[in-house]
Amino acid sequence: MTESPSRVAIVTGAGRGIGSAVAKKLAADGFAVGLLDLDEAGVKQGAEDIQAAGGRAAAATLDVSDAEQVEAAVTKIAEELGAPTVLINNAGITRDAMLFKMTDLEWDSVINVHLRGSFLMTRAVQKYMTAEKWGRIVNLSSTSALGNRGQVNYSAAKAGLQGFTKTLAIELGKFGVTANAIAPGFIATDMTAATAERVGMTFEDFKAAAASQIPVQRVGTPDDIANLASFLVSEGAGFISGQVIYVAGGPKD
Ligand code: NAP
């Protein structure tokens, strides 16, 4: 490790939901934060909120599955804030359908955002981490990695991210870089609200039904994930690498 490695974090999908909460938490922890998303308004607002609270932040828009856009956004953040040494691969989408009805596009788009996106982002950021001899990578997996009806694309992507994480840990460990995955259960965000709509339930009823099946009897919040991300990127988590941590209000694996 260098004397004091650059404390700059990049969070993808930071425009709303879990990514937005993680960006705010890392800013409160003292990181300068690059907020990346497809949605310009969300990341601009997020960066302004962090700045208003006294932190450093910059926003960039991109599609994480596009290699050129990834390179451009990472370069922009590095120029504006400094070398990124923390990467949270959080951008995600669902395109749920039973296997027999799933289209090629539904399969490809989910695999592209989660897997190709995390690959492109990590390849672009690792050079800053290895130069700094310090880094932290956190990938957003899901309990769906264990199998979930109607999500053959999403569960394959989220299980793939677990293998991706373990291999990053093996390859990058000698550069002072750790890689871990957070696998959330039900977290109340626009993503789960959209699922409620798809199955014809109000979000309140959908959350209540989910909570009744969860040992701690509530659904998760974006802050539940941000709290673990904050720990995993901290100095104190330096001997934890290649792990998948389920944050689901009960045992899941
Ligand atoms: P969300 O509210 O839908 O937010 C996802 C964000 O990712 C959105 O801002 C979205 O932008 C952005 N995004 C989507 N595709 C992108 C792309 N190609 N390039 C850049 N940004 C992109 O979702 P969330 O619930 O916060 O989920 C965040 C992560 O946690 C995802 O990886 C998800 O799979 C995972 N997760 C969530 C849950 C849950 O219960 N919510 C559970 C397990 C895992 P737009 O607004 O422009 O679409």
Side-chain angles (χ1 to χ4, degrees), residues 11-25 35 37-39 41-43 45-46 49 64 88-103 105-115 117-118 138-162 181-230 244-253:
V11 183
T12 69
R16 63 179 191 214
I18 293 169
S20 169
V22 171
K24 284 185 179 140
K25 177 71 179 164
L35 296 91
D37 204 291
L38 272 177
D39 170 40
V43 281
Q45 185 62 53
D49 291 347
V64 292
I88 314 289
N89 281 312
N90 167 82
I93 60 170
T94 52
R95 296 288 182 269
D96 298 351
M98 297 294 282
L99 171 67
F100 75 103
K101 286 189 189 165
M102 187 172 286
T103 65
L105 182 61
E106 286 165 341
W107 173 268
D108 288 343
S109 52
V110 167
I111 298 295
N112 277 341
V113 174
H114 295 272
L115 275 181
S118 297
V138 176
N139 299 315
L140 267 289
S141 179
S142 167
T143 53
S144 294
L146 302 166
N148 198 24
R149 192 178 175 82
Q151 290 198 314
V152 72
N153 50 0
Y154 185 81
S155 62
K158 292 308 201 186
L161 279 171
Q162 297 189 5
I182 300 176
F186 188 118
I187 309 296
T189 67
D190 290 349
M191 183 177 275
T192 37
T195 308
E197 201 176 329
R198 187 175 57 81
V199 299
M201 289 173 78
T202 68
F203 195 29
E204 287 312 310
D205 287 349
F206 193 57
K207 284 190 288 189
S212 72
Q213 303 299 314
I214 296 172
V216 301
Q217 295 286 292
R218 69 168 176 89
V219 298
T221 66
D223 284 343
D224 289 319
I225 305 307
N227 289 334
L228 177 57
S230 165
V244 178
I245 302 174
Y246 286 83
V247 181
K252 271 290 177 184
D253 54 340

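Residue numbers count from 1 along this sequence.
- One N or O on the side chain of Asn90 and one on the backbone of Gly13 form a donor-acceptor pair closer than 3.5 Å.
- Between Lys24 and Asp49 there is a salt bridge, since a side-chain N of the basic residue sits under 4.0 Å from a carboxylate O of the acidic one.
- You'll find the side chain of Gln213 stays beyond 4.5 Å of the side chain of Phe186, heavy atoms only.
- Taking 4.5 Å as the limit, some side-chain heavy atom of Phe203 sits within range of a side-chain heavy atom of Thr192.
- Here the OG1 atom belonging to Thr143 is positioned 8.5 Å from the CD1 atom belonging to Ile187, to the nearest 0.5 angstrom.
- The shortest heavy-atom contact between Leu115 and Ala157 is CD2-O, 3.7 Å.
- For the residue pair Asn227 and Ser230, no side-chain donor N or O sits within less than 3.5 Å of a side-chain acceptor on the partner.
- Taken to the nearest 0.5 Å, the OG atom of Ser141 stands 6.5 Å off from the NZ atom of Lys158.
- The nearest pair of heavy atoms linking Phe206 to Val199 is CE1-CG2, 3.9 Å.
- Interatomic distance, OG of Ser212 versus CZ of Arg218, reported as 15.0 Å (0.5 Å rounding).
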Mind listing the side-chain donor-acceptor pairs of residues 95-102 below 3.5 Å, one per line with the distance, residues two or more places apart or on another chain?
residue	atom	partner	partner atom	Å
Asp96	OD1	Gln151	NE2	3.1
Asp96	OD2	Gln151	NE2	3.4
Asp96	OD2	Arg198	NH2	2.8

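- Residue pairs meeting the salt bridge (charged side-chain N to carboxylate O under 4.0 Å, His left out) criterion with at least one partner in residues 11-23, sequence neighbours excluded, are Arg16-Asp190.
- Asp37 places no side-chain N or O within 3.5 Å of a backbone atom of Val43 that could act as its donor or acceptor partner.
- Formation of a donor-acceptor pair under 3.5 Å by the Asp224 side chain with backbone atoms of Thr221 is found in this model.
- Taking all atoms of both residues into account, the shortest heavy-atom contact from Ile214 to Ala248 is CG2-O, 3.5 Å.
- Listed by first and then second residue, the ring-ring contact (aromatic ring centres under 6.0 Å, His included) pairs involving residues 207-227 amount to none (not counting sequence neighbours).
- A 4.5 Å side-chain heavy-atom check between Ile245 and Leu228 finds at least one atom pair inside the cut-off.
- Using a 4.5 Å cut-off on side-chain heavy atoms (C-beta onward), Pro251 and Pro215 make contact.
- For the pair Ile225 and Pro184, the tightest heavy-atom approach, listed with the atom from each and the gap, is CD1-CB, 3.7 Å.
- Here CZ of Arg149 is found 14.0 Å from OG of Ser144. Values are rounded to the nearest 0.5 Å.
- Distance OG1/Thr12 to CG/Asn89: 5.0 Å, rounded to 0.5 Å.
- The side-chain heavy atoms of Leu35 and Val11, taken from C-beta on, include no pair separated by under 4.5 Å.
- Atom OG of Ser20 and atom NZ of Lys25 lie 14.0 Å apart (nearest 0.5 Å).
- Within the 3.5 Å criterion, the main-chain N or O of Asp108 finds a donor-acceptor partner in the side chain of Asn112.
- Across every non-hydrogen atom of Ile93 and Tyr154, the tightest pair is O-CD1, 3.5 Å.
- Between Leu161 and Leu140 there is no side-chain heavy-atom pair separated by less than 4.5 Å.
- Using modelled atom types, one side-chain atom of Glu106 and one backbone atom of Thr103 make a donor-acceptor pair closer than 3.5 Å.
- Across Ala21 and Asp223, no two heavy atoms sit closer than the pair CB-OD1, 3.8 Å.
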